[in-house]
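Just below is one structure, and these are the notes that go with it.
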Amino acid sequence: MPGCVWLEGAGTGGQSPAHLSRIPISLISTSTDCANSTVKGKVVHKGPLVPLSANDFILKIVIEESDSSSNASSQNSSINVVLFGKLAKTFSQAVSQGDVVVASGFTVGKSPTVHKDKLHPCNLLLSGDDANIYVSRQPPPPDPRSSPATKRSTTNPTEVSMNPKTPKYTYIRLGHLKPGSVVNVFGVVVFFKQPFKSRGTDFCSSLKITDQSNQKISCTIFCEKLEDHPKIFQIGDIIRMHRMKTQFFNDSITLINTHGFSVVTFDGSVGRDVEPRTSSRSFHFDQDDRRTVEELRSWAASQALLPPVLTIPLSDVQPKAYFDLTCQLLAKAPIDTTCTLLRVWDGTKCPRTLLKVIVEPDVTEGPSSFSKKKENLIANVFVYDNHVEFARQLKPGAFLRIYNLRAIPGSNKAPGLTSSPSEEGDHLGFHLHGGTAFGRGIRVLPENSPDVQQLKRVIEAFSEDEETDIPELNDSEMYEVWCTPPESLDGETEKSSTERRCSHDIQPVTLSEVKQSEPGQVHHVRVQLRSYEPHRLHQALKLYCSKCTSMQDVPDDELVAGLFSEASKDSGPCSPPPWVLSGRVDVPGDSLGSLKRALHIHLSSQLISEGKTKELIYLMGSTLEETCQLADNYQNIIPVRSSGGHLTLLDLAAPFLFRGAKRYYGCKRCSEPALRELCAERVEVIDEKIVAEALGVQLLQFVLLMKLELQDATDTLEAFLCRDAVSFRSYLKSSSLWIK
DNA sequence: GCTTAGGGTTCG
């Protein structure tokens with residue numbers, strides 16, 4: 001049965017949904033009798049297939065009530081469906097957006113994303129042997145000539161057509177085109193322009209295609225709606241067009257769309273999924289189409305007819321070059337009526353200094369500033385004239401491909417903007433000039449495209465490595481993190497004796513089973529994340545004492561500054577220990593007329609004799625700000641104060657050690673602080689552990705603590721996720737779970 | 001109502 005796929009769970013199953021009763025999506029609730037029900041709907045969104053381990057996957061789709069007779073309220077007629085395991089993979093390969101699916105053997109859960117996506121308050125979960133999902137592809141229009149009408153009035157779109165009289169399209173080779181005919185063609189795209197506004201009523205797409213006959217044919221497509229235009233992402237994509245009219249122009253034959261025109265495009269890379277790209281509600285696609293696409297892919301690969309790679313990352317950009325950039329939009333700001341600034345990145349570092357642009361925060365859409373490290377990766381793209389209108393509709397976060405972008409060195413003059421001084425005049429700015437020559441334009445790439453998937457991996461790798469700028473996770477990212485157990489990742493996860501982890505040989509259990517079981521056991525659960533706290537990750541950062549297992553918040557700067565200020569006021573006579581050498585610097589008072597303050601710096605005579613003069617100092621009388629400034633020059637700074645005529649450490653609520661930008665804290669309960677001389681003779685690097693030990697301080701660890709609310713079909717459960725926060729990467733890669 | 005464009009680098 002072409003166009004029909006039965007997919008089943010791992011069990012024998014095979015029960016036809018016809019034996020079950022169908023329930024409308026709007027009537028689904030957690031009390032639905034799942035065992036005897038089916039749900040039918042059209043796939044309106046298909047998420048990426050997320051691998052969990054070798055044979056385990058997760059896939060999220062959204063289906064919509066497609067039965068016009070249903071009086072479902074529009075609010076609840078779309079529902080999230082989550083598939084697990086092998087079923088997710090098989091289904092992902094078989095299904096396309098627009099297909100109608102029938103599911104059975106599901107469970108109903110509460111949708112954790114209801115507030116965000118405004119879809120049905122429940123979701124359907126398909127996992128295990130009982131889960132089945134049946135896919136039926138939309139039948140092609142019965143008659144090409146009546147196509148425009150049937151396309152708009154698909155009165156019974158859920159009817160699974162087995163009609164043997166389904167017309168078979170015939171495709172003509174590009175070398176055999178005759179003027180004055182209407183044809184269906186396949187081709188490899190060798191040139192294209194994104195749709196642009198014509199002087200008439202429509203958008204116009206202009207492209208050139210070729211096939212095994214080696215003819216290159218120019219095509220023009222006029223459509224009023226952008227979504228009806230071909231979704232071409234790059235040269236080499238494969239295109240199928242129905243009802244194109246042949247026409248002579250400039251001594252060659254060209255193709256132009258005519259009534260009933262339809263188009264589908266495909267990725268042109270050999271080996272990739274043959275996934276039709278279309279927003280058409282009804283289109284024909286069968287095994288013959290798949291074969292044609294694959295033949296064209298291999299042929300194109302053997303022809304070297306495609307130009308050298310146009311799409312390059314920022315790390316490979318050469319000044320003055322034109323190139324295509326695949327990137328994520330972070331922020332944008334209008335400059336004037338003919339120019340808009342797009343701030344983008346692709347996670348790679350351009351070897352040239354990038355043009356810095358300072359934009360007023362109130363005109364910026366998206367964040368107006370980023371961490372220094374991220375800022376260094378951000379390319380400022382000026383788009384001009386006809387592209388401004390398109391840029392206006394872009395949303396920060398979107399994944400884009402910008403075609404025929406130009407890297408321009410030394411152009412640090414941006415209209416109406418202040419920019420950083422650039423004596424060297426070598427800062428790279430990026431310009432998308434006006435016009436559409438050479439396919440100049442911008443396209444939003446869908447999240448599931450392989451290029452976006454690749455881009456996301458690079459971006460994520462950057463975010464994981466970045467310790468200073470912990471990104472805020474949104475629901476779906478958190479969901480993915482949650483769905484990625486540590487054992488599915490590479491072997492980088494380090495073993496720790498205090499860490500317990502489950503493995504995939506442990507059968508998943510339901511949350512209600514977990515709640516009923518004895519404490520202290522290890523469980524493997526498959527659940528959804530209902531909510532999590534805190535919402536900003538930096539708020540999840542805590543200080544943890546491994547000795548007394550207490551946990552506390554990281555003191556904020558205001559509090560720490562207060563402790564420094566309070567400590568510096570005690571300026572009574574002080575006799576430093578015999579093993580230090582002391583110096584003093586006078587600094588101006590804080591305000592006019594106030595007294596000068598003295599900064600006391602003590603060095604260990606032992607360390608001086610070892611030649612380690614910059615490695616550790618004891619600092620007295622400084623403000624927090626001054627301490628931070630000095631931390632740029634000294635590897636270790638231990639703040640000290642005078643107390644009862646002796647040199648002592650500050651209150652342990654303040655950091656006992658500054659190492660560069662990092663601050664270290666000690667546990668008040670477990671430390672026995674005393675100022676002792678530090679011996680570093682056999683030590684290569686004086687680090688926080690050595691200092692803590694010498695000072696009798698019990699070092700506190702930075703940890704990330706999150707509270708998660710989990711749910712499955714049986715129950716909900718609060719769980720705490722806790723991990724050493726030395727790097728965010730290790731947090732993501734090896735999280736342990738304690739169940740309350 | 002039945003056109004629009006018909007590739008080929010920039011003002012910034």
Side-chain angles (χ1 to χ4, degrees), chain A residues 148 177 179 182 187-210 215-226 228-230 232 234-235 237 239 241 243-261 305-308 310 317-325 333-342 355 357 359 379-388 391 402-417 419 425 427-442:
Chain A
L177 295 176
V182 173
V188 181
V189 175
V190 292
F191 169 78
F192 70 103
K193 282 183 180 184
Q194 296 301 331
F196 58 92
K197 199 92 189 83
S198 74
R199 284 167 210 249
T201 57
D202 297 335
F203 282 96
C204 176
S205 284
S206 182
L207 55 140
K208 194 173 268 179
I209 60 172
T210 189
Q215 286 290 318
K216 288 194 174 63
I217 302 292
S218 293
C219 312
T220 305
I221 294 159
F222 292 109
C223 288
E224 203 172 350
K225 291 185 192 156
L226 271 177
D228 295 334
H229 281 261
I232 304 170
Q234 62 189 340
I235 286 174
D237 280 355
I239 188 167
M241 292 178 284
R243 297 170 209 94
M244 295 291 281
K245 189 169 63 182
T246 56
Q247 215 169 57
F248 248 114
F249 179 76
N250 272 354
D251 293 333
S252 34
I253 213 152
T254 61
L255 289 168
I256 184 162
N257 63 319
T258 179
H259 301 294
F261 158 79
L305 57 85
L306 306 178
L310 296 172
V317 165
Q318 294 299 319
K320 296 187 181 173
Y322 289 95
F323 67 106
D324 295 347
L325 179 67
I335 302 295
D336 58 40
T337 53
T338 67
C339 180
T340 291
L341 172 71
L342 301 182
L355 174 73
V357 182
V359 188
N380 288 302
V381 177
F382 297 99
V383 310
Y384 293 100
D385 304 341
N386 52 317
H387 310 297
V388 167
I402 307 178
Y403 300 90
N404 199 237
L405 188 58
R406 188 160 198 218
I408 300 192
S411 56
N412 61 340
K413 281 180 290 173
L417 291 166
S419 48
H427 293 56
L428 270 195
F430 297 87
H431 294 233
L432 184 69
H433 293 298
T436 64
F438 279 84
R440 210 173 284 150
I442 305 175

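Here is how names work: the chains are called A, B, and so on, in the same order as the sequence lines, proteins then strands, and each is numbered from 1.
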Which is true for [X] with a 4.0 Å heavy-atom rule: it touches a base, it touches only sugar-phosphate, or it touches nothing?
| X | answer |
| --- | --- |
| A:Glu224 | nothing |
| A:Lys208 | base |
| A:Leu207 | nothing |
| A:Gly434 | base |
| A:Ser218 | nothing |

Without decimals, in angstroms, what is the distance between [X] [atom1] and [N] [atom2]?
| X | N | atom1 | atom2 | answer |
| --- | --- | --- | --- | --- |
| A:Asn404 | B:dT10 | CG | P | 10 Å |
| A:Phe261 | B:dC2 | CZ | C1' | 17 Å |
| A:Gln247 | B:dT4 | CD | C1' | 12 Å |
| A:His229 | B:dA5 | NE2 | P | 13 Å |
| A:Asp202 | B:dC2 | CG | P | 13 Å |
| A:Tyr403 | B:dT10 | OH | P | 21 Å |
| A:Lys197 | B:dA5 | NZ | P | 11 Å |
| A:His259 | B:dC2 | NE2 | C1' | 7 Å |

Is there a donor on the side chain of A:Lys193 or the base of B:dG7 sitting less than 3.5 Å from an acceptor on the other?
no

With a 3.5 Å cut-off and heavy atoms only, can you find an N or O donor on one side and an acceptor on the other between the side chain of A:Arg440 and the base of B:dT9?
yes

Phosphate oxygens OP1/OP2 of B:dA5: is one of them under 4.0 Å from a side-chain N or O of A:Arg199?
yes

I'd like to know if the side chain of A:Asn250 pairs up with that of A:Ser252 as donor and acceptor (distance under 3.5 Å, no hydrogens or angles considered).
no

Starting at OG1 of A:Thr246, measure out to CD1 of A:Ile253 and round the result to the nearest 0.5 Å.
5.0 Å

Give the C-alpha distance, both sets of side-chain angles, the deciding distance and a yes or no for side chain to side chain contact (heavy atoms under 4.5 Å, CB included) between A:Gln194 and A:Ile442.
CA-CA 7 Å; A:Gln194 296 301 331; A:Ile442 305 175; over 6 Å; no

Using atom C1' in both nucleotides, what's the gap between B:dG6 and B:dT10 to the nearest angstrom?
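Nearest-Å result for B:dG6 against B:dT10 at atom C1': 23 Å.
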
Determine whether a donor-acceptor pair (N or O, by modelled atom type, separation under 3.5 Å) exists between the side chain of A:Thr254 and the backbone of A:Gln247.
yes

Look at the side chain of A:His387 and the backbone N and O of A:His433, then say whether any donor-acceptor pair between them is shorter than 3.5 Å.
yes

Using a 5.5 Å cut-off between ring centres and planes within 30 degrees, is [X] stacked on the base of [N]?
| X | N | result |
| --- | --- | --- |
| A:Phe222 | B:dA5 | no |
| A:Tyr322 | B:dT9 | yes |
| A:Phe438 | B:dG7 | no |

Chi-based syn or anti call at B:dG8, which uses purine or pyrimidine torsion atoms and a 90° bound:
syn

Min side-chain heavy-atom separation A:Ile221-A:Leu207 under 4.5 Å
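A:Ile221 reaches A:Leu207 side chain to side chain.
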
